[in-house]
S.K.: 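Just dropping this structure here.
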Amino acid sequence: MTLSSAADAIRAHAARATPGTVLTGLIGAGIGPSLSPPLHEVEADRLGLELAYARFDLDEHDIPAAAVGPMLAEAREAGYRGLNITHPCKQVVLEHLDELSPDAAALAAVNTVVFRDGRAIGHNTDWSGFARAFRTGLPDAELGSVVVLGAGGAGAAVAHGLLIAGAGRIQVFDLDAGRADALATALAGRFGADRASAGTDLATAVGAADGLVHATPTGMAAHPGLPLPAGLLRLDLWVAEVVYRPLETELVRTARAAGARVLDGGRMAVFQAAEAFALFTDARPDAGRMLRHFSDLTGTPPLERQPADVLD
């Protein structure tokens, strides 16, 4: 397949929709297992809205991340209200946008694009989705020192969310040391030089940390594996995962076996989706209802209902 097949898929999704339908979708690689379509479509139905959400998988069409630009243009021309953006396009997409929200500009990463008044506007609901997930899922976790694995769009978002939440110090690790340095420098510029740095010794950093957040594709259905040596996980370390398909990644499973407190990626997936839904539709979703729907979709125990002001 090619870029033209992706463009055909974008147009075909629009052609199937009835007039007045809110057209949305997701662009990324390896997104076949994504639960975004049912989360958005069912919540829209419960609010009396018509919404159609489709996956546009780069891997399926055998195209690179750079294709996100032409795909956005095709969606805008076809009348889409917006698109979600995921790995590996959250930073590549920036050059194809007309405007960035303050959060997206600060993070230099976008996971939601809204088409409004002829302009493509980039937003970031990842950082706030993670912050709310962390606040509700690990409410009393110590935040003195936190290690973040991954300096891409997701890593930038969770690091920002942690520092907003009061983390004392963040150490960022990435296979690309230059990318880790760049993210740490940006964070230090916003939050203070003593609060963010690029890590150099993962074992030492994790050994001294209160918590660990994983924000790379490792563990996704298309990228199985463990992002660090299992021996670094311990009883008094909390672990937060960004990947949610599968919900029990190898990291989640191994950390639980080590006795660590674990936050899987489910809450973040729901909260960032709820905020993106609000941007697409100008309607207020029920985040607690979306959490319960997510539990139904994944066959997992229900997450407790969140307060109505969870999106405030």
Side-chain angles (χ1 to χ4, degrees), residues 26-28 65 68-69 72 82-117 119-135 143 145-174 176-199 211 213-217 240 242 265 267-269 271-280 310-312:
L26 173 66
I27 295 175
V68 69
L72 279 179
L83 291 165
N84 283 130
I85 308 295
T86 192
H87 170 79
C89 301
K90 291 182 181 181
Q91 293 164 320
V92 177
V93 72
L94 296 174
E95 65 183 281
H96 303 289
L97 303 175
D98 301 304
E99 184 181 337
L100 296 175
S101 72
D103 288 334
L107 293 167
V110 161
N111 78 316
T112 303
V113 176
V114 176
F115 301 122
R116 195 179 299 274
D117 299 325
R119 297 173 63 78
I121 305 168
H123 299 264
N124 192 299
T125 70
D126 278 338
W127 84 265
S128 48
F130 174 79
R132 292 181 175 92
F134 188 84
R135 185 177 72 239
L143 283 170
S145 176
V146 182
V147 168
V148 174
L149 299 182
V158 300
H160 182 88
L162 286 165
L163 289 166
I164 288 284
R169 182 174 181 81
I170 298 286
Q171 286 194 73
V172 181
F173 288 83
D174 195 276
D176 182 338
R179 190 160 73 158
D181 283 333
L183 175 55
T185 298
L187 292 168
R190 294 199 301 277
F191 295 98
D194 61 336
R195 297 187 66 194
S197 63
V213 182
H214 172 239
T216 84
V242 167
R267 289 172 184 267
M268 178 181 174
F271 288 139
Q272 66 79 21
E275 295 190 35
F277 181 98
L279 289 168
F280 293 146
V310 73
L311 295 181
D312 291 341

S.K.: Would a 4.5 Å heavy-atom cut-off, applied to side chains only, mark Phe191 and His160 as touching?
M.R.: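 Touching, per the 4.5 Å side-chain cut-off.
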
S.K.: Would a 4.5 Å heavy-atom cut-off, applied to side chains only, mark Phe280 and Asn84 as touching?
M.R.: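 With C-beta onward as the side chain, the pair touches.
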
S.K.: How about Val213 and Phe134: do any of their side-chain heavy atoms sit closer than 4.5 Å?
M.R.: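 Sidechains of Phe134 and Val213: no contact.
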
S.K.: Quick check on side chain to side chain donor-acceptor pair (under 3.5 Å): which of Lys90, His87, Gln272 does Asn111 satisfy it with?
M.R.: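 Checked Lys90, His87, Gln272 against Asn111; only one passes side chain to side chain donor-acceptor pair (under 3.5 Å): Gln272.
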
S.K.: Is it the case that the side chain of Asp174 and the backbone of Ala151 share a donor-acceptor pair, with hydrogens and angles ignored and the cut-off at 3.5 Å?
M.R.: yes

S.K.: Nearest 0.5 Å please: distance from the NE2 atom of His123 over to the CD atom of Glu275.
M.R.: 11.0 Å

S.K.: Is it the case that over 12 heavy atoms from other parts of the model lie below 6.0 angstrom from the CZ atom of Arg190?
M.R.: yes

S.K.: First locate atom CZ of Arg135, then atom CD1 of Ile164, and finally report the distance between them rounded to the nearest 0.5 Å.
M.R.: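 Separation between the atoms: 12.5 Å.
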
S.K.: Within this structure, what is the CZ-CD1 distance for the pair Arg116 and Ile121, rounded to the nearest 0.5 Å?
M.R.: 6.5 Å

S.K.: Roughly how far apart are Leu94 CG and Ile85 CD1, rounded to 0.5 Å?
M.R.: 10.5 Å

S.K.: Quick one: do Leu187 and Val172 satisfy side chain to side chain contact (heavy atoms under 4.5 Å, CB included)? Show the steps, please.
M.R.: CA-CA 10 Å; Leu187 292 168; Val172 181; 4.2 Å; yes

S.K.: Keeping the roles fixed (side chain from Asp98, backbone from Ala120), state whether a donor-acceptor pair exists under 3.5 Å.
M.R.: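 Answer holds: yes.
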
S.K.: Check Ile170 against Val148 and note the closest heavy-atom contact, atom names and distance.
M.R.: CG2-CG2, 3.8 Å

S.K.: Does the pair Asp126 and Val242 meet the rule for a side chain to side chain contact (heavy atoms under 4.5 Å, CB included), with working shown?
M.R.: CA-CA 10 Å; Asp126 278 338; Val242 167; over 6 Å; no

S.K.: Are the side chain of Arg195 and the backbone of Leu163 linked by a donor-acceptor contact shorter than 3.5 Å?
M.R.: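 Checking the backbone N and O of Leu163 against the side chain of Arg195, a donor-acceptor pair under 3.5 Å is found.
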
S.K.: Report yes or no: does Asp117 contribute a side-chain atom to a donor-acceptor pair with the main-chain N or O of Arg119 at less than 3.5 Å?
M.R.: no

S.K.: CG of Leu72 to CG of Leu97: how many Å apart, nearest 0.5 Å?
M.R.: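 Taking CG in Leu72 and CG in Leu97, the distance rounds to 6.5 Å.
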
S.K.: Can you see which heavy atom on Leu183 is nearest to which on Gly150, and at what distance?
M.R.: CD2-O, 4.4 Å

S.K.: Measure across Ala133 and Met268 and return the closest heavy-atom pair with its distance rounded to 0.1 Å.
M.R.: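 Heavy atoms only, the tightest pair is CB-N, 3.5 Å.
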
S.K.: For a quick test of reading the model, state the closest non-hydrogen atom pair linking Ala276 to Thr125 and the distance between them.
M.R.: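 It is N-CG2, 4.0 Å.
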
S.K.: Could you tell me whether the side chain of Asn124 and the main chain of Asp103 form a donor-acceptor pair under 3.5 Å?
M.R.: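 Checking the backbone N and O of Asp103 against the side chain of Asn124, no donor-acceptor pair under 3.5 Å is found.
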
S.K.: Measuring from Leu83:CG to Ile27:CD1, what's the distance to the nearest 0.5 Å?
M.R.: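 Going from CG on Leu83 over to CD1 on Ile27, the span is 5.0 Å.
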
S.K.: Do you know the tightest heavy-atom contact between Phe130 and Ala240?
M.R.: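 Between these two residues, the closest heavy atoms are CE1-CB, 4.2 Å.
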
S.K.: Identify the heavy atoms of Ala184 and Ala198 that sit nearest to each other, and give their distance.
M.R.: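 The pair with the smallest heavy-atom distance is CB-N, 3.4 Å.
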
